[in-house]
Amino acid sequence: MKVLVIGNGGREHALAWKLAQSPKVKSVFVAPGNGGTAADPRLRNIAITDFAALADFAQAEKVALTVVGPESPLAGGIVDVFRARSLRVFGPTRAAAQLESSKAFAKAFMQRHQIPTAAFAVFTDALAAHAHVDQSGAPIVIKADGLAAGKGVVVATTLAQAHEAIDWMLGTDDSRLAVQTHDGQARVVIEQFLEGEEASFIVMCDGRNVLSLATSQDHKRLLDADAGPNTGGMGAYSPAPVVTPNVHAKVMQEIILPTIAGMAKDGITYTGFLYAGLMIDAQGQPRTVEFNCRLGDPETQPILMRLKSDLFEVLMHATDGTLDQVDLEWDRRAALGVVMAASGYPTSPRSGDAITGLPGEMADACVFHAGTVAGPSVPLTSGGRVLCVTALGDSVKLAQQRAYDVLRGIHFDGAQYRRDIGFRAIRR
Ligand code: AMP
Ligand code: GLY
């Protein structure tokens, strides 16, 4: 069988790498892919991004299954385009993807269906937003409504920061934050600040049945000790010890199942991966910080390193509506991935640095590429997050040691990476 993976990040490299291991899969196309998928002889990059052209390609090549990695094509309706041509695709429709593509939609949805989340208010008018912040005090969280490539959230510890964020998101000049919204209207969601420990809770949904993946946790801040600006994610590990069996059961009962049922009640069948970003307080009570309508990046890299089941078969069940027949099998070891980011990330990442020292195949580790392109002799950096060095180990600590051992052999000028990925799990 032939499969197609849409996207060009580390998540898509990991999906393609895992799908290629299935004895049923003959070819894996990645559109557009990156330097890592280009270098792997089992994978083939396809330089197409237009939805109709991708569907033409899938039809012409008789692709059996397409998996969509990133939020942007999902929010743009790629699943609707494929389904209209009776092509098998795993992901949410454009309507379902609003759970991620509009924070205002997601918050109103959670309120309507009593799904635990932070108290909030939505504003299009900057003056009203400023007044609300003055009334509420800091810390407070300001979020741009729409897709902003991970830049649209400011956790303001002071009122000055909160006011500045509102001006940046609702401003009228060129310095305004660039956001992809469903209707072109700039909005901010202002939220109560939640305390606790974060975890990523990802499930697959076939429209009826829900199957949870192994738990994970990412590190969104750029610097050690979770300091510095938010990024797309500087590293992740699985499992996340903060999600105890008791917390897991609560998340399923109070968040995941009501979300799928709520969407159905609102007339939207949810299919695809669903990612609930959680804040778990000291009492073990989970609240939803956000929904993503896709797998996390970099969470996918450690999660898929632990998955023993055949991902192609699982996805065929997921697109047949038979996930109830699947029992996922996981490696009992922990997996941990460390992101190596380009100089200047996250504000202005530099491209074109040569990447040397990449290892060959290893049994217990894998270097997934993200922002890389094939160069004349070695791959070159081409984006913010460049690599995710991922390893397995008998504990989070051992997986961490192994990942950093591999990482130390890899070089590119200006590489930034955190030295402490996994510290919360190890501290426990
Ligand atoms: P989001 O894109 O909504 O997940 O926000 C990005 C990050 O900002 C989250 O992973 C949290 O670390 C932080 N964050 C978002 N909302 C809140 C909140 N209400 N309270 C505390 N931290 C938050
Ligand atoms: N790692 C967080 C995300 O994928 O959005």
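Numbering of ligands and ligand atoms starts at 1, following listing order.
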Main chain of Ala119, side chain of Gln192: is a donor-acceptor contact present, judged purely on distance under 3.5 Å? yes
Does Tyr404 use its side chain to pair, donor to acceptor, with the backbone of Asp420 at less than 3.5 Å? yes
What do the steps show when you test Phe82 against Phe51 for ring pair (Phe, Tyr, Trp, His ring centres under 6.0 Å), and what is the final call? CA-CA 8 Å; Phe82 272 60; Phe51 297 171; 8.2 Å; no
Does the pair Arg418/Asp226 count as a salt bridge with the N-to-O cut at 4.0 Å? yes
Looking at Lys220 and Asp218, is there a salt bridge between them, counting it only when a charged N and a carboxylate O are closer than 4.0 Å? yes
Within a radius of less than 6.0 Å around CG of Asp394, do more than 12 heavy atoms belonging to other residues, nucleotides or ligands occur? no
Which N or O atoms of ligand 1 sit under 3.5 Å from a protein N or O, and how far apart is each pair?
residue, atom, partner, partner atom, Å
ligand 1, 2 (O), Lys103, NZ, 3.3
ligand 1, 2 (O), Glu290, OE1, 3.2
ligand 1, 3 (O), Lys103, NZ, 3.0
ligand 1, 3 (O), Lys143, NZ, 2.8
ligand 1, 4 (O), Glu290, OE1, 3.1
ligand 1, 4 (O), Glu290, OE2, 2.9
ligand 1, 10 (O), Glu198, OE1, 2.6
ligand 1, 10 (O), Lys220, NZ, 3.1
ligand 1, 12 (O), Glu198, OE1, 3.3
ligand 1, 12 (O), Glu198, OE2, 2.5
ligand 1, 16 (N), Lys143, NZ, 3.0
ligand 1, 19 (N), Glu191, OE1, 2.8
ligand 1, 19 (N), Gln192, O, 2.9
ligand 1, 20 (N), Leu194, N, 2.8

Under the rule for side-chain hydrogen bond (donor to acceptor under 3.5 Å, both in side chains), what residues qualify as partners of Gln400, not counting sequence neighbours? none
Using a 4.0 Å cut-off on heavy atoms, what residues surround ligand 2? Order them by chain and number. Asp218, Lys220, Gly232, Tyr275, Asn292, Arg294, Gly296, Asp297, Pro298, Glu299
Under the criterion salt bridge (Lys or Arg N to Asp or Glu O under 4.0 Å), I'd like the reasoning laid out for Asp145 against Arg187: C-alpha separation, chi angles, the key distance, then a yes or no. CA-CA 5 Å; Asp145 183 40; Arg187 279 184 201 82; 3.2 Å; yes
Name all pairs fulfilling the side-chain hydrogen bond (donor to acceptor under 3.5 Å, both in side chains) condition that reach into residues 7-16, sequence neighbours left out, sorted by first residue then second. none
